[in-house]
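A quick write-up on the structure given underneath.
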Amino acid sequence: MTQPTRVELPARLTLRCSECGSTHTALALHDEALRRARRCPECSATCEVVATHVVSLGCSCC
């Protein structure tokens, strides 16, 4: 059993479905967006977060 990937929001996520094998990316700005992103767009199973990339929501000059 693998350890779950820690998710610090906001983040760009890479997710993989263990049911159908599909992989997708999503942007999650809050907990509800993370919950929705973990739903596979192909088969509706729960996806595993395989990578996260923290994003900054500051202004473009910062």
Side-chain angles (χ1 to χ4, degrees):
M1 181 178 209
T2 62
Q3 292 288 344
T5 300
R6 179 170 156 69
V7 178
E8 185 176 323
L9 301 176
R12 171 150 308 277
L13 311 170
T14 302
L15 304 109
R16 182 178 327 130
C17 179
S18 59
E19 295 293 319
C20 71
S22 70
T23 302
H24 69 280
T25 61
L27 180 63
L29 302 179
H30 50 78
D31 290 337
E32 180 61 22
L34 174 60
R35 187 186 68 73
R36 287 190 307 251
R38 293 194 67 211
R39 186 69 42 202
C40 178
E42 302 294 324
C43 72
S44 296
T46 300
C47 293
E48 174 186 0
V49 176
V50 294
T52 63
H53 305 281
V54 176
V55 295
S56 173
L57 298 177
C59 64
S60 62
C61 63
C62 295

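All residue numbers in this chain count up from 1 along the given sequence.
Closest approach of C40 and C20 over heavy atoms only: SG-SG, 3.7 Å. Across every non-hydrogen atom of R16 and G21, the tightest pair is CG-O, 4.4 Å.
Looking at residues two or more places apart in sequence or on another chain, you find a salt bridge (Lys or Arg N to Asp or Glu O under 4.0 Å) between R35 and E32. Partners of P10 according to the side chain to side chain contact (heavy atoms under 4.5 Å, CB included) rule, which considers only residues two or more places apart in sequence or in another chain, are L29, V55, L57. Remark: E8 pairs with no residue by the side chain to side chain donor-acceptor pair (under 3.5 Å) rule, at least two apart or across chains. Take V7 and apply the side chain to side chain contact (heavy atoms under 4.5 Å, CB included) test, not counting sequence neighbours, and it matches L9, L13, L34, V49, T52. Taking the side chain to side chain donor-acceptor pair (under 3.5 Å) definition, one finds that R39 meets it with nothing, sequence neighbours left out.
The side-chain hydrogen bond (donor to acceptor under 3.5 Å, both in side chains) contacts involving residues 20-31 comprise nothing, where partners must be two or more places apart or lie in separate chains.
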